[in-house]
Amino acid sequence: MDANELLKKIRKIEIKTKGLSQNIFAGEYHSAFKGRGMTFSEVREYQYGDDIRDIDWNVTARHNRPYVKVYEEEREMTVMLLVDVSGSRNFGAMGEQKRLMIAEIAATLAFSAIQNNDKIGMIFFSDHVEKFIPPKKGRRHILFLIRELLDFTPEHTGTDISLALRYMTDALKKRCTTFLISDFIDSGDYYRALSIANNKHDVTAIQVYDRRDAQLPDVGLMRVQDLETGALRWVNTTSGRVRKAFNKWWYERQQVMTDRFNRCGVDYASIATDEDYVKSLMGLFKKRGVR
């Protein structure tokens, strides 16, 4: 992708996703993803109705009248985006390529974070950790992230979600809000890594998939390629048995994924590339906001 084309795509995504984060997601994001807790602000004289548990006994003793500690919510968070850059993200049959929707969703979350005065960082992963971008604030940083989302070329094509989660857990010492964005086409078992990561951080999973990932069309003999391994195979899609077996494979994979999320207490959304992701993200934010 040449520089002019890249700049046009960055600008297009900035306009769309920044508008969404300001006009649609602002309130839902703020209520769904809260700060790290309450921090001490000041002391003041006791007033009727104050909780006696907030009395500062040291100050009270010095002034010979009761004083209470005042706290305020610590809103600033660190947000990390774990973005799948494996070979399968380049597939797109029913909608746009998965990689483009992943980029838009990640950019929308990034702008939502910065509107909330949060720091935002990113980890690109395949079956290796491809790149770590430390959390920062500012529009320039967001535009850098968008550029990387659109133009980053990974060195590997496989998928290892467990590795990415372990890397984040080890790299980030303080609790952060994490969005794991992937098609979750991973033959490995990432349950333990997900459980550990969600105990330390606040993990939300977003699956982006193409409907042809889930169902084969009846188009006769078709040559298909695994984008992660490069393997080629001829598939007779006319066969009802073949299509049924493929559908069963996808259904069972989805059941395993959903079970892992539920057992780990991870909120998630599953979004097809030919649908509007805004509705799914709004539903996810509202679900978290009412908990």
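- Annotation: side chain of Asp213 is in contact with side chain of Trp250 (closest heavy-atom distance under 4.5 Å).
- Here Asn236 contributes atom CG and Met222 contributes atom CE; the two are 10.0 Å apart, rounded to the nearest 0.5 Å.
- The neighbour count for Lys119 NZ, taken as heavy atoms of other residues, nucleotides or ligands under 6.0 Å away, does not exceed 12.
- Looking only at distances, no side-chain donor or acceptor of Ser195 sits under 3.5 Å from a matching main-chain atom of Tyr191.
- Note on Ile123: it does not cluster hydrophobically with Ile102, by side-chain heavy-atom contacts below 4.5 Å among ILVMFWY residues.
- With a 4.5 Å cut-off on side-chain heavy atoms, Thr238 and Asp218 count as touching.
- Screening Ser126, Ser187, Ser88 for a side-chain hydrogen bond (donor to acceptor under 3.5 Å, both in side chains) with Glu228, the sole residue that qualifies is Ser88.
- The structure places CD of Glu104 at 7.5 Å from CG of Leu100, a figure rounded to the nearest 0.5 Å.
- Asn198 places a side-chain N or O within donor-acceptor distance of the main-chain N or O of Val203, the cut-off being under 3.5 Å.
- The closest side-chain heavy-atom distance from Leu281 to Ile206 is below 4.5 Å.
- With Asp118 contributing its side chain and Met77 its backbone, the two residues share a donor-acceptor pair below 3.5 Å.
- When atom types are taken as modelled, the side chain of Gln225 and the backbone of Leu232 share no donor-acceptor pair closer than 3.5 angstrom.
- Put simply, the side chain of Glu130 gets close to the backbone of Glu155: a donor and an acceptor are under 3.5 Å apart.
- Atom CZ of Phe125 and atom CG of Leu165 lie 7.5 Å apart (nearest 0.5 Å).
- Residue Thr273 holds its OG1 atom at 8.0 Å from CE of Met94, rounded to the nearest 0.5 Å.
- Not counting sequence neighbours, the partners of Arg65 by the salt bridge (Lys or Arg N to Asp or Glu O under 4.0 Å) test are Glu45.
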side-chain contact (heavy atoms from CB on, under 4.5 Å) evaluation trace for Leu81 with Leu149: CA-CA 11 Å; Leu81 303 179; Leu149 283 164; 5.7 Å; no
Candidate pair Phe184 and Tyr268, rule ring-ring contact (aromatic ring centres under 6.0 Å, His included), full reasoning: CA-CA 12 Å; Phe184 289 90; Tyr268 66 94; 9.1 Å; no
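- Nearest heavy-atom pair, Lys98 versus Val208, reported as atom, atom and distance to 0.1 Å: CD-O, 3.5 Å.
- Ser182 and Asp84 are linked by a side-chain donor-acceptor pair at a separation below 3.5 angstrom, with hydrogens and angles left out of the test.
- Between the CZ atom of Phe144 and the CZ atom of Arg147 there is a distance of 5.5 Å, given to the nearest 0.5 Å.
- Here the shortest heavy-atom pairing between Gln97 and Asn90 reads NE2-O, 3.0 Å.
- In the hydrophobic cluster analysis, where Ile, Leu, Val, Met, Phe, Trp and Tyr join through side-chain heavy atoms closer than 4.5 angstrom, Val83 is grouped apart from Leu163.
- The two residues Phe246 and Gln215 make their nearest non-hydrogen contact at CE2-N, 3.7 Å.
- More than 12 heavy atoms of other residues, nucleotides or ligands shown are found within 6.0 angstrom of CG on Leu221.
- The residues Asp210 and Arg212 are annotated as not salt-bridged, no charged nitrogen and carboxylate oxygen being separated by less than 4.0 angstrom.
- Ring geometry for Phe132 versus Tyr167: interplanar angle over 60°, hence perpendicular rather than tilted (30 to 60°).
- At least one side-chain heavy atom of Thr108 sits less than 4.5 Å from a side-chain heavy atom of Tyr277.
- Taking every heavy atom of both residues into account, Ile146 and Ala107 meet most closely at CG1-CB, 4.0 Å.
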Criterion side-chain contact (heavy atoms from CB on, under 4.5 Å) on Arg139 and Leu143, from CA distance to verdict: CA-CA 6 Å; Arg139 179 176 177 272; Leu143 295 180; 3.4 Å; yes
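- Between the side chain of Arg99 and the main chain of Val85, no donor-acceptor pair closer than 3.5 Å is present.
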Audit row: His141, Ile133, side-chain contact (heavy atoms from CB on, under 4.5 Å) steps and yes/no: CA-CA 10 Å; His141 180 62; Ile133 302 175; 3.8 Å; yes
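- The shortest side-chain heavy-atom distance between His201 and Leu172 falls under the 4.5 Å cut-off.
- More than 12 non-hydrogen atoms from other residues, nucleotides or ligands lie less than 6.0 angstrom from NZ of Lys173.
- In this structure, the side chain of Asp56 engages the main chain of Val59 through a donor-acceptor pair within 3.5 Å.
- In plain terms, the two heavy atoms of Ser162 and Asp186 that are nearest each other are N-OD2, 4.5 Å.
- In this structure, CG in Leu194 is found 9.5 Å from CG in Asn199, a value given to the nearest 0.5 Å.
- With hydrophobic clusters built from ILVMFWY side chains whose heavy atoms lie under 4.5 angstrom apart, Val224 shares a cluster with Trp249.
- One N or O on the side chain of Thr237 and one on the backbone of Val219 form a donor-acceptor pair closer than 3.5 Å.
- Open room surrounds NZ on Lys244; 12 or fewer heavy atoms of other groups in view lie less than 6.0 Å from it.
- The shortest side-chain heavy-atom distance between Ile105 and Met101 falls under the 4.5 Å cut-off.
- Here the side chains of Tyr67 and Asn58 are not in contact, with every heavy-atom distance at 4.5 Å or above.
- Side-chain contact between Tyr190 and Met257 is present, with heavy atoms from C-beta onward closer than 4.5 Å.
- For the pair Ser270 and Gln254, the tightest heavy-atom approach, listed with the atom from each and the gap, is OG-NE2, 4.0 Å.
- In terms of hydrophobic clustering, with Ile, Leu, Val, Met, Phe, Trp and Tyr side chains grouped at heavy-atom distances under 4.5 Å, Val278 and Ile181 are assigned to a common cluster.
- The pair Arg44-Asp50 counts as a salt bridge, with a side-chain nitrogen and a carboxylate oxygen less than 4.0 angstrom apart.
- Salt-bridge check for Arg233 with Asp226: failed, with every basic side-chain N at 4.0 Å or more from each acidic carboxylate O.
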Residues Thr229, Thr157; criterion side-chain contact (heavy atoms from CB on, under 4.5 Å); working and verdict: CA-CA 7 Å; Thr229 66; Thr157 58; over 6 Å; no
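- Residues Asp259 and Arg263 are paired through a salt bridge, judged by an N-O separation under 4.0 Å between the basic side chain and the carboxylate.
- A side-chain contact (heavy atoms from CB on, under 4.5 Å) with Ser86 is found for one member of Thr159, Ile185, Asp127 and no other, namely Thr159.
- Ile271 and Leu82 are members of different hydrophobic clusters when ILVMFWY side chains are connected at heavy-atom separations under 4.5 Å.
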